[in-house]
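This report concerns only the one structure given below.
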Protein chains: 2
Amino acid sequence: MKRTTIIDIARSLGITPSTVSRALAGNLRVSESTRKRVQEKALEMGYQPNIVASSLRRGKSDTIGMLVPRINRHFFSHVISAVEEILNPAGYNLLICQSHEKSELENQALQVLLKNRVAGIIMSHAMETVDFEMARKATEERVPVVQFDRVNKEVPGPRIVNDNFSGAYMAVKHLIRGGYSRIAHLTGSLGVNVYSERHRGYRYAMEEASLDFDELVFEGAITRETGYEKALQLVKQHRVDAFFCAGDFASVGTIQAIHDCGLRVPEDMGVVGFANEPFAGFITPQLTTVEQNAYDMGHRAANALIRVIGGQIMTGMDQEEVVPVRLLVRESSMRATVNNK
Amino acid sequence: MKRTTIIDIARSLGITPSTVSRALAGNLRVSESTRKRVQEKALEMGYQPNIVASSLRRGKSDTIGMLVPRINRHFFSHVISAVEEILNPAGYNLLICQSHEKSELENQALQVLLKNRVAGIIMSHAMETVDFEMARKATEERVPVVQFDRVNKEVPGPRIVNDNFSGAYMAVKHLIRGGYSRIAHLTGSLGVNVYSERHRGYRYAMEEASLDFDELVFEGAITRETGYEKALQLVKQHRVDAFFCAGDFASVGTIQAIHDCGLRVPEDMGVVGFANEPFAGFITPQLTTVEQNAYDMGHRAANALIRVIGGQIMTGMDQEEVVPVRLLVRESSMRATVNNK
DNA sequence: TTGTATGCGTTATCAT
DNA sequence: ATGATAACGCATACAA
């Protein structure tokens, strides 16, 4: 048995599909009475409008493409949730894809979204990505793209980023105030904006305090494992007395390495992370870290997209929105004897 | 400038759209040479097939609807990720909706998926939901529905559930072996299958050990806050010496309540949770809990849906797949003096 | 206020 | 191997 269409409704009411279409759309140029008859009939027949046909005809879609490295990462799943909070009430739905941090999959996903004729795209790039052609191409095909968190200026359109610079600056300054001075920075690829910005914040704070950091920055130490390895090495060499890790996972590895060397956190060594992963407040010692507001970011990204779709933003306009972050001071950086004001 | 269509390609090649369509579809009844010419031209013109038109014409869609209570819950985001792992390679994409644990939103989301003519639906019900008409209606409209985790038998089609009964049984038995006997059970609504099953496992273990539990089961104590409240009350009344909580969040609240009463976990009171939330291994004491395999569940759900779409399962067939769970024994239930074999 | 006619981009059927 | 034609379900310009 086929699904009921406006044609079925029209027939059973002795009117034409056009009238049914108008009635259902709430068009004013249809009499009150027929509108009611149509609505009742539609309900009675269990009519569900065919959005696919409607989209094709209208030449526009109600679905927004969302592309993230991984759905199941705390930060991203919260951004997605926040985006939905804005987009659903606005009549949009989300077609969600993952890149799994791979450029190739990112491009494939982008193609899928384009083929599905999404009304717009909200995305965060894979770590790996250095070629942003596909995303730019999307904008050239009139599909607005909003980037968040991991963004690139080569792609036109709004960018929503965390205040990575300030977060890192606050973190490192906090360590310095705590009396730490040989502060290592474990981070990911500096080709990625979030890490380069955090690195910039780190440098700024170190320079401001006239501290040396020439040999203390380490790319490729961003997972729990790589963080552990690098930290173990540094602690053994007695080269550092604190760590500013560009992510919380590396911080966990770092703390473990410090403990494995028989030293204490924060008494002997301070550790500050970035992201405030769910476990950050639970581990021992509780991790001082920079909190990112995923909800705020998601809301802003969604609203930015709605503005672009609504034509309220020049397409070529290069707009970057910075979401404030907070330093959450916990145990891993607080020496009891030091006054952290 | 409009997007290029097969008509554009046809024109620029001096052939008809039909041939282009066939060539692009890899149809064998088109000459090798024209196929190549078409493919090259398509690439050159930056052609992206219009899936919307294609879906309308073919009468079928490549998108699967996914409906979960909350995207940003660890368990669900991992199930989603696992579903994608199976569905993407099979040529499907995910349209994702959240119910936010509200029946009304669940029904709205279901409507949205139906209107979008998804090829199938994978869903887990909101806690609140007691009326499953809408989901059943979907199946009646020939949209196959696969339920996972929070399922209901009124909805035809495959159901993938965790082995909640066994998990609960193992958890409680483990507490009993550890020497605990007055074991309270904090849980959610017993109208939800996951909680009723865990309750059944709890009862079975208690009865087996001839332990009394008449006044020890408490619905509506499933969040950190409600768990804390109920546990505080019970501990103060000296009525229990252990807790089996139907969720990890309640366990955290429970542990906090026990500590606030000046007692120790596990020395004075044992606590076992359910779900193995990411923080479970990080908190102090580390939480003994039942691990759910979200990936396994997602894979099974996706495969089940593919089978139904492929017609490999009778529509009316009532099939339930049970995913095994594991008890992760950690500190919160291990009295040093007791041998837990 | 309602009907008529047309097209969105694609694919399937039939013919050549 | 290719072309001509129609149809998927809906929305709109135009006519009445």
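Any value given below was found using the heavy atoms of this structure, including those in side chains, with hydrogens, waters and symmetry copies removed. Here is the naming used below: chain letters follow the sequence lines, and residue numbers restart at 1 for every chain.
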Residues in side-chain contact (heavy atoms from CB on, under 4.5 Å) with Thr4(B), at least two apart? Asp8(B), Met45(B), Tyr47(B)
Taking side-chain hydrogen bond (donor to acceptor under 3.5 Å, both in side chains) as the test, write out the residues that go with Thr129(B), two or more places apart. Ser103(B), Glu106(B)
Contacts of Arg73(A) that satisfy side-chain contact (heavy atoms from CB on, under 4.5 Å) - sequence neighbours left out: Arg70(A), Phe76(A), Phe249(A), Glu277(A)
Under 4.0 Å, heavy atom to any atom of DNA chain C: which of residues 31-42 of chain B qualify? none
By side-chain contact (heavy atoms from CB on, under 4.5 Å), which residues pair with Val112(A), not counting sequence neighbours? Asn116(A), Asn93(B)
Counterpart residues, side-chain hydrogen bond (donor to acceptor under 3.5 Å, both in side chains), relative to Lys41(A) (two or more places apart): Glu44(A)
Do nucleotides 5-11 of chain C as a string where each nucleotide becomes B, S or -: B if the base has a protein heavy atom under 4.0 Å, S if just the sugar-phosphate does, - if no protein is that close. B-BBBBB
Degree of bending, the helix from dT1(C)-dA16(D) to dT16(C)-dA1(D) (end axes from five pairs; round to 10°): 40°
Test of understanding: with ring-ring contact (aromatic ring centres under 6.0 Å, His included), list the residues that count as partners of His100(A), not counting sequence neighbours. none
Taking CZ from Arg29(A) and P from dC14(D), how many angstroms apart are they, rounded to a whole number? 12 Å
Look at the side-chain N and O atoms of Thr19(A) and state whether any lies under 4.0 Å from the OP1 or OP2 oxygen of dG3(C). yes
For a quick test of reading the model, state the closest non-hydrogen atom pair linking Val118(B) to Ser61(B) and the distance between them. CA-OG, 4.1 Å
Restricting to side-chain hydrogen bond (donor to acceptor under 3.5 Å, both in side chains), what partner residues turn up for Thr19(B), sequence neighbours left out? Thr16(B)
Under the side-chain contact (heavy atoms from CB on, under 4.5 Å) test, which residues partner Gln111(A), sequence neighbours left out? Met134(A), Gln48(B)
According to ring-ring contact (aromatic ring centres under 6.0 Å, His included), does anything in residues 106-141 of chain A pair up with another residue at least two apart or in another chain? List the pairs. His125(A)-Phe132(A)
